[in-house]
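Lettering of chains follows the sequences in order, A, B, ..., and the numbering in each one begins at 1.
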Amino acid sequence: MQPRTLPRGRAAILRAVTGCRGRREEQALHCLVCKLGLASDVVLATALLVRYGRRGLLAPAQRLFDEMPRRDAVAFNAMLAALGASGRAADARRLFDRMPGPDRTPASWNTLLTCYCRVGDLASARAVFEASLRAATSSAVSWNAMVDGYCKAGRMDAARELFDRMGSSLRDVVTYNTMMAGYLRRGDPAAAIAMFRRLTQDEGQAPRPTAVTIATVVTACTQVGDFGFGRAVHLSTRQLLGTSTDAVLSNALMDMYFKCGSVDRALEVFSAMPSGAPNLFCWNTVIAGLGRNGRGEDAVRAFRDMVETSNKNNEVRPDSVTFVALLSACSHSGLVREGRELFAEMLPAHGVAPGAEHYGCMVDLLCRAGLLGEAVRLVRTMPVRPNAKVLGCLLLHARSSGDGVTASEWAARRIAELDGRDGAAYGLSNLYASLQRWDHVERHRSGLVTVAAASGKEPGRTSYDPHVR
DNA sequence: TTAGGGTTAG
């Protein structure tokens, strides 16, 4: 970095700090701020503090705060938030108590409230909430933070009680979104959909749904399998929100369309995104979605596309999830050679170390292709401990392959050695102990599969074309 | 500076 070529003026640096991505840039900007003698600038120091705080890097955040020549309300609140992000609720409380009166803003109360929620201390959070009501510093944000605290703790009844107490004048779109997400998290997507209907059907002063609302309700539709309603929501909100530039919403829509077999509609959503907009989640959804729809070659093509894109702007790099999606896509489509190659290039080319789940995909891939011996060799040479899923997969294939008696006994012994507290291992041990019944189940299942295959529809064959854009 | 959303084998 050459200081002479860098934009002078703190406004430009401030923009760089708030807009920077990644740890190295943060540190470089921090150095620059120090070199230019701007470390005593409260606004710049606070901006840096926020970055470190969000990343959970408490030590540099604390140092910036301690070295400030004077501290305003924003600096205090940023430090509170940094402590909260690191789960240090008690330290946040001490700082809050130390704050000079005029520096305590509504944001201070709300930040402290979320600190307690994050560490699961709902009683203290509630006490702060009640105190902020008495101090008349509360707003919809305080209520929403408290509602979310109960939602995240799984206490939907308490959340609902506050929701009802808020009344329609105080409830905003975040309140609804929070409740919907809470129901989803608890595994009650129907309740999330009911909440959405209430939001859209309530007369008069109901707030307008946002991209967050739509993303949440679409996810709920995917979970209950109500693709008709999900599609209707998508169509009816398309004008409202415009062509979505929101990565999370696009991701939820693609996931829904892939899961109901509408590959073309999913890809339509993808191509409608501006170039560079799809993030890691979106790419993973596309790769997994193509894979589960029997489009292995297209999944591999999408992966290559993703890697190329990320080399250009250095933003999207495949992660562990990408390779689970990719390898299972190869497995479903019988792409043995491609699967082997991709597995081999994981660490050297992409910096992702293969984990037990990736070995599981490879075992599945090899077994489906009838390469039982290679699958066993792979598991024997695994650098990570094979888990119950890997061994269970091997066991399943070995037993049905006829010549896999040795492999199946080997896998069964490894399963028996696994920690009995591992739920899957425990289940598999029991399963192995009742092999006669298992064989019966297998026969039953293969019968069902034949019936389904005979009546099933051939999936669409439009190819994945990334250049549609 | 404070509240809400998404992907993962068998």
Scan [X] against the nucleic acid and name what it touches under 4.0 Å (heavy atoms): base, sugar-phosphate only, or nothing.
| X | value |
| --- | --- |
| A:A181 | sugar-phosphate |
| A:R104 | nothing |
| A:H358 | nothing |
| A:V50 | sugar-phosphate |
| A:R185 | sugar-phosphate |
| A:D319 | nothing |

Would you say [X] places a side-chain N or O within less than 4.0 Å of OP1 or OP2 belonging to [N]?
| X | N | result |
| --- | --- | --- |
| A:R368 | B:dA9 | no |
| A:K259 | B:dT8 | yes |
| A:K152 | B:dG4 | yes |

Could you check whether the side chain of [X] and the base of [N] have a donor-acceptor pair of N or O atoms closer than 3.5 Å, going by distance alone?
| X | N | result |
| --- | --- | --- |
| A:D246 | B:dG5 | yes |
| A:T210 | B:dG4 | yes |
| A:N251 | B:dG5 | no |

Counting side-chain heavy atoms from CB outward, which of [options] is closest to [X]?
| X | options | answer |
| --- | --- | --- |
| A:E357 | B:dT8, B:dG5, B:dA9 | B:dA9 |
| A:V321 | B:dT8, B:dG6, B:dG5 | B:dT8 |
| A:T105 | B:dG4, B:dT8, B:dT1 | B:dT1 |
| A:T111 | B:dA9, B:dG4, B:dT2 | B:dT2 |
| A:N110 | B:dG4, B:dT2, B:dA9 | B:dT2 |
| A:A107 | B:dG5, B:dA3, B:dT1 | B:dT1 |

For this output row, return yes or no: ring centroids of A:F227 and A:Y257 closer than 6.0 angstrom.
-> no
Check: A:W143 ring centroid to A:F129 ring centroid under 6.0 Å | yes
Over how many whole Å does the gap from [X] atom [atom1] to [N] atom [atom2] extend?
| X | N | atom1 | atom2 | answer |
| --- | --- | --- | --- | --- |
| A:R208 | B:dG4 | CZ | P | 23 Å |
| A:M273 | B:dG6 | CE | P | 15 Å |
| A:L49 | B:dT2 | CG | C1' | 15 Å |
| A:F303 | B:dT7 | CZ | P | 21 Å |
| A:N144 | B:dG5 | CG | P | 12 Å |

Counting only N and O atoms by type, is there a donor-acceptor contact under 3.5 Å from the side chain of A:D298 to the main-chain atoms of A:R301?
-> no
With sequence neighbours excluded, residues passing salt bridge (Lys or Arg N to Asp or Glu O under 4.0 Å) with A:D97 | A:R93
Interface residues of residues 71-97 of chain A with DNA chain B (non-hydrogen, below 4.0 angstrom) = A:V74, A:N77
